[in-house]
Q: 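One structure, as structure tokens, below. Some questions next.
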Amino acid sequence: MPRSIDDYLDQAALADTVTDADLDALHREIVRDVTATFMFGARPAPEGHYPTALDGAEQALIALSAELIHSTKAAEHLARIADAPSDADGALHFGCLLNLAQEPDSALWWWQFAAGAGNATAAYCLHLHHLLRGELRDADHWAHQALDLDTDIHLSPTTPTTIRCPAHPAPALREAVERLKVEELAGAPFHHPDRRLADQIEELAHAC
């Protein structure tokens, strides 16, 4: 007689080998990866490497951040956000620079501001940010926000293969961010932009 799925599950649930916490963690991981796969689609893995869907979200966010910081208007946007903290495009670019400098909590604030001001790309950054943290409800919310703000938005970097960023930020980028004025808001760091970033952006873009 064929064994049912319950038989296999009973066999798998051996005492002292798999705890309820282990099963809960596995369930969360499966849900994250399946949902992310639906959002991104399956990607071929390089030989010897099997990236998760969360890896894909992180790589996409880094690539998108780098693409914006390398853009010809990055200096203009960073100068504007230093002069007028209400500039949405400047907030988007500043958030991306902070993300590349591994200051995701501060980047989150600026992306939220830009998305609230109607910037679809910032909403997509927030989607990726929450997706790589496994926060699927928030990720889904911001994906819909991005499409509501701009139905023609490209939900992936347009030049993902031409810009490479190292796993750790370059010293020049870290130094530029560390000298900024920082406050603490709701328990998270809040970096203030300044015009010097705009003057340095070409150097910083090459550094990352």
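The first residue in the sequence is number 1, and the count goes up from there.
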Q: So which heavy atom on C125 is nearest to which on L92, and how close?
A: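 It is SG-CD1, 4.1 Å.
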Q: Please name the pair of heavy atoms, one in H129 and one in P104, separated by the smallest distance, quoted to 0.1 Å.
A: CE1-O, 3.8 Å
Q: Output, in order, the C-alpha distance, side-chain angles, deciding distance and verdict of side chain to side chain contact (heavy atoms under 4.5 Å, CB included) for K181 and H191.
A: CA-CA 6 Å; K181 179 183 176 182; H191 290 74; over 6 Å; no
Q: Rounded to the nearest 0.5 Å, how far does CG of N99 lie from OG of S106?
A: 10.5 Å
Q: As a quick check of understanding, evaluate side chain to side chain contact (heavy atoms under 4.5 Å, CB included) for L131 and E58, giving each step before the final call.
A: CA-CA 8 Å; L131 186 60; E58 183 174 26; over 6 Å; no
Q: Using 0.5 Å steps for rounding, measure from the NE2 atom of H127 to the CG atom of L136.
A: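 If I round to the nearest 0.5 Å, the distance is 9.5 Å.
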Q: Search all heavy atoms of A139 against all heavy atoms of H130 and return the closest pair with its distance.
A: N-CB, 3.7 Å
Q: Should L97 and L173 count as side-chain neighbours, where that means a heavy-atom distance under 4.5 Å?
A: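 Yes; the side chains approach each other to less than 4.5 Å.
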Q: Would V182 and H192 satisfy side chain to side chain contact (heavy atoms under 4.5 Å, CB included), going step by step from the backbone distance to the final call?
A: CA-CA 6 Å; V182 183; H192 290 262; over 6 Å; no
Q: For the residue pair P189 and E103, establish whether any side-chain heavy-atom pair is separated by less than 4.5 Å.
A: yes
Q: Provide the closest heavy-atom pair for A79 versus R195 in the form atom of the first, atom of the second, distance.
A: CB-NH1, 3.7 Å
Q: Between D194 and R179, is there a side-chain N and carboxylate O pair less than 4.0 Å apart?
A: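 R179 and D194: salt-bridged.
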Q: Could you go through residues 141-149 and list every donor-acceptor pair under 3.5 Å that involves a side-chain atom there, pairing it with any protein atom two or more places apart or in another chain?
A:
{"from": "H144", "atom 1": "ND1", "to": "D140", "atom 2": "O", "distance (Å)": "2.8"}
{"from": "H144", "atom 1": "ND1", "to": "D140", "atom 2": "OD1", "distance (Å)": "3.4"}

Q: With a 4.5 Å heavy-atom cut-off, do L64 and C96 have their side chains touching?
A: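 They are not in side-chain contact.
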Q: Any donor-acceptor pair under 3.5 Å linking the side chain of H70 with the backbone of A66?
A: yes
Q: Name the residue from W110, F113, F190, W109 that meets the ring pair (Phe, Tyr, Trp, His ring centres under 6.0 Å) definition with F94.
A: W110
Q: If you look at every heavy atom in L68 and S71, which pair is closest and at what distance?
A: O-OG, 2.7 Å
Q: Would you say that L180 contacts L197 through its side chain, given a criterion of any heavy-atom pair below 4.5 Å between the two side chains?
A: yes
Q: For a 4.5 angstrom cut-off between non-hydrogen side-chain atoms, does P193 reach L78?
A: no
Q: Could you tell me the separation between the CD atom of E135 and the CG atom of L126, rounded to the nearest 0.5 Å?
A: 11.0 Å
Q: Ignoring hydrogens, what is the shortest heavy-atom contact between D105 and A188? Give both atom names and the distance.
A: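 Smallest heavy-atom distance, with atoms named: CB-CB, 4.2 Å.
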Q: Look at the side chain of H77 and the backbone N and O of H93, then say whether any donor-acceptor pair between them is shorter than 3.5 Å.
A: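 No, because the side chain of H77 does not come within donor-acceptor range (under 3.5 Å) of the backbone of H93.
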Q: Please list all pairs meeting side chain to side chain donor-acceptor pair (under 3.5 Å) that have one or both residues in residues 111-121, counting only residues at least two apart or in different chains.
A: D89-N119
Q: Not counting sequence neighbours, which residues clear side-chain contact (heavy atoms from CB on, under 4.5 Å) with P85? List them please.
A: none
Q: Within the distance-only criterion (no hydrogens, no angle test), does the side chain of R174 pair as donor or acceptor with the backbone N or O of A101 below 3.5 angstrom?
A: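 Indeed, once roles are kept as given, a pair shorter than 3.5 Å links the two residues.
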